[in-house]
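Worksheet: one structure, shown below.
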Amino acid sequence: MMVSYRLYWTLWILSCFGQYLGQDLQIHEPPNKEEGDIVVFTLDNPPPSTSILITQWFFGTLLIITVASGVTTENPAYKDRASVNSNTLALTLLNLRHSDSGIYRLSVTTSAGETLTGETSLQVEKLSVSLIGPEEPLIEGESSANITSEGNGNITSVQWMKNNSSLSPSNSIIFSPDFRSVSISPVQRSDSGEYQCIYTNPFNSETATYSLIINYGPEGVSIKGQDVVDLGVRVSLSCSANSVPSASFRWMFNGTDTGVTTDTFTIDKTDFTHSGDYDCTAWNNVTNRSATQRHALLVKVSGGGLTTGAIVGIVIGVLVAVSGICGLIVYLIKTKKIPVLNKEQKGQGSGAASQSRQEPDSHYEEMTNIQKTRGDGPVPVKKSQSAIYVNFGQNEYEN
C-alpha cells in the first residue's frame, strides 16, 4: 500500500513537470529599445505558479528581484523600476537606460527542488549625436556653411553651443525649425571655432563637436628689420601676415625676384649694392589673395662714416659754393663796386689820391680862361657839364 502511494506521487510529479525537467525556460528576446522606454521579458512556457517556490531575475550576475513565498525583494538599484508577474513570471523594467543593455537570466526553483533557467538579451540604443559640416574650404565673405546634426535615441531637447558658449540666432546665423541644423551665411573669420550640438533626454545627454575653419587674408603684411646697417654685417628681414591658412612668401629686391620664398630674407655680409627696396609678397593659396609690403635698407660705412652718396653730395655742394663765390667776385668787379688800382696809384698811396681829387679844379680854371679869350663870357656850369667833368675826373683817376 505504501509502495503504491509513492508510485502515484511520482507519476503525478512527472505528469506536471516532466516537460520542464532538464529543459531551459524559453524567454522572448525583446526588440531594441530606446532610453526611457519600457521592456517586458515574457516566457513561452512558464511553469505552473503553484509549483514555484522561488523566482529570481538577474542582470548578468547582479540580482534584480526575488519573489519567494509571495514576498518580493528588489535590489535598491532597481527600486521602483523592476516588477515580476507572479503568474507568468514576466519581468518588467521601466525607464530603460543604455546601461541596461546586456544578458538577462531567470532562475526558478520548484517545490520538487528542481531549478529551471532561461536567458535572453536586451539592447537599449544609446542616445547619440553626430555633426556633418561643409567639406569644401570656406572663404571669408564669400562662402556659406551648413552644420547638420544626426542622432539616435529618445531625444527631448537639442542645444547648440560655440566654444562652450550658447549659440544664438542672428542675421547671419539661422536655425532650422527642429533645431537640428544651423546655417551661417556669409561666413566671417569670427565664425571660426568649435561648434557643439547637445542631445538630451531625462536619462542621458550626448554631445557632438565640429570645428569650423574660415580662410582669409593675407592682411597686415609687415617687415621687421633694420633700416640702416653698417658695411660688412649680417642682416635679416622678417616678413609676417595675418592669414588662414599661413601665407607663403616671395622676396624682391629693387623690382627683381630674389628667389627667396621663406618668411626671412638674410644677407650674410652687406655691401653698398645691398642698399635699396626689399618687397615681401604674402600669398594665400586657398583664398588666392596676395598683399605686398616694402622695406628700404641703407648700407653705410662701418664706424659711422659717410656713405658714397653722402660724399658725392658734399663734393658737389662744395663745387657749387666755390663757383658761386667766383661769380660774385666777377660781378662786383664788372659793376665797378670794387676799384682796380694801377701800380703807380698803389705806390703813391693816399697822397696821390688826394692830388688826383684836386686836378679837376685846375682843369676847370683852364676851361674858364679859354672862354674868356674867346670872348664868350662866362659859361654857366650845367648838370650835364658837371657830369662830364666828373666823368673826366674818373677817367683820369682810372688811368
Can you name the nearest heavy-atom pair linking [X] to [Y], along with the distance?
X	Y	value
L122	P31	CD1-O, 4.2 Å
F41	P30	CE2-CG, 3.8 Å
C280	F249	SG-CD2, 3.6 Å
W160	F179	NE1-O, 2.8 Å
G225	L237	CA-CD2, 3.8 Å

Once rounded to the nearest 0.5 Å, what's the spacing between atom [atom1] of [X] and atom [atom2] of [Y]?
X	Y	atom1	atom2	value
I103	F59	CD1	CZ	8.5 Å
S121	I27	OG	CD1	10.5 Å
T92	I38	OG1	CD1	8.5 Å
R97	L127	CZ	CG	14.0 Å
D263	C239	CG	SG	7.5 Å
M161	Y195	CE	OH	13.0 Å

Verify whether one side chain among [X] and [Y] offers a donor that lies under 3.5 Å from an acceptor in the other.
X	Y	answer
S181	T148	no
T281	T292	yes
S157	Y199	no
S222	S240	yes
T287	N215	no

Should Y104 and F58 be marked as a ring pair (Phe, Tyr, Trp, His ring centres under 6.0 Å) after you check the CA-CA gap, both sets of side-chain angles, and the distance that decides it? CA-CA 6 Å; Y104 288 80; F58 294 85; over 10 Å; no
[X] side-chain N/O to [Y] backbone N/O, donor-acceptor pair under 3.5 Å:
X	Y	value
N284	A247	no
T42	H28	no
T117	L106	no
N146	I184	no
S192	I214	yes
S290	A282	no
T110	A112	yes
W57	S107	no
H274	L297	no

Indicate if [X] and [Y] have the same hydrophobic cluster label, given that clusters are the connected sets of ILVMFWY residues with side-chain heavy-atom separations under 4.5 angstrom.
X	Y	answer
V67	Y78	yes
V158	I173	yes
F272	V235	yes
V299	V301	yes
V244	V187	no

How about CD1 on I198, more than 12 heavy atoms from neighbouring residues, nucleotides or ligands closer than 6.0 Å, or not?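 Correct, the count exceeds 12.
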Is it the case that over 12 heavy atoms from other parts of the model lie below 6.0 angstrom from the CZ atom of R81?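 Counting other residues, nucleotides and ligands, CZ of R81 exceeds 12 neighbours.
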Looking at side-chain heavy atoms only, is the closest gap between [X] and [Y] below 4.5 Å?
X	Y	result
Q188	S172	no
L138	Y216	no
Q196	N164	yes
V39	D37	no
I267	R234	no
D279	Q293	no
E119	L25	no
N85	L91	no

Would you sort out whether I52 and I54 count as a side-chain contact (heavy atoms from CB on, under 4.5 Å), showing the intermediate values? CA-CA 6 Å; I52 299 173; I54 301 174; 6.0 Å; no
Quick one: do R189 and E140 make a salt bridge, cutoff under 4.0 Å?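 Counted as a salt bridge, because a side-chain N and a carboxylate O are separated by less than 4.0 Å.
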Identify all side-chain donor-acceptor contacts of residues 251-258 below 3.5 Å with residues at least two apart in sequence or on another chain.
unit_1 : atom_1 : unit_2 : atom_2 : d
W251   : NE1    : T262   : O      : 2.9
N254   : OD1    : D277   : N      : 2.9
D257   : OD1    : G259   : N      : 3.0
T258   : OG1    : W251   : O      : 2.8
T258   : OG1    : V260   : N      : 3.3

Test side-chain contact (heavy atoms from CB on, under 4.5 Å) applied to I139 and R289, step by step: CA-CA 11 Å; I139 300 176; R289 300 170 184 171; 3.8 Å; yes
Should D271 and T273 be marked as a side-chain hydrogen bond (donor to acceptor under 3.5 Å, both in side chains) after you check the CA-CA gap, both sets of side-chain angles, and the distance that decides it? CA-CA 5 Å; D271 58 42; T273 62; 2.2 Å; yes
Under 6.0 Å from the six-membered ring centre of F175 and within 45° of its axis: does the NZ or CZ of R180 meet both?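 Geometry flag: not set, cation outside 6.0 Å or 45°.
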Got a sec, which residues hit side chain to side chain contact (heavy atoms under 4.5 Å, CB included) with H98, two or more places apart in sequence or on another chain?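 So H98 forms a side chain to side chain contact (heavy atoms under 4.5 Å, CB included) with E35, S101, Q123, K126.
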Quick one, T156 with T200, criterion side-chain hydrogen bond (donor to acceptor under 3.5 Å, both in side chains). Give me CA distance, side-chain angles, the key distance, then yes/no. CA-CA 6 Å; T156 57; T200 305; over 6 Å; no
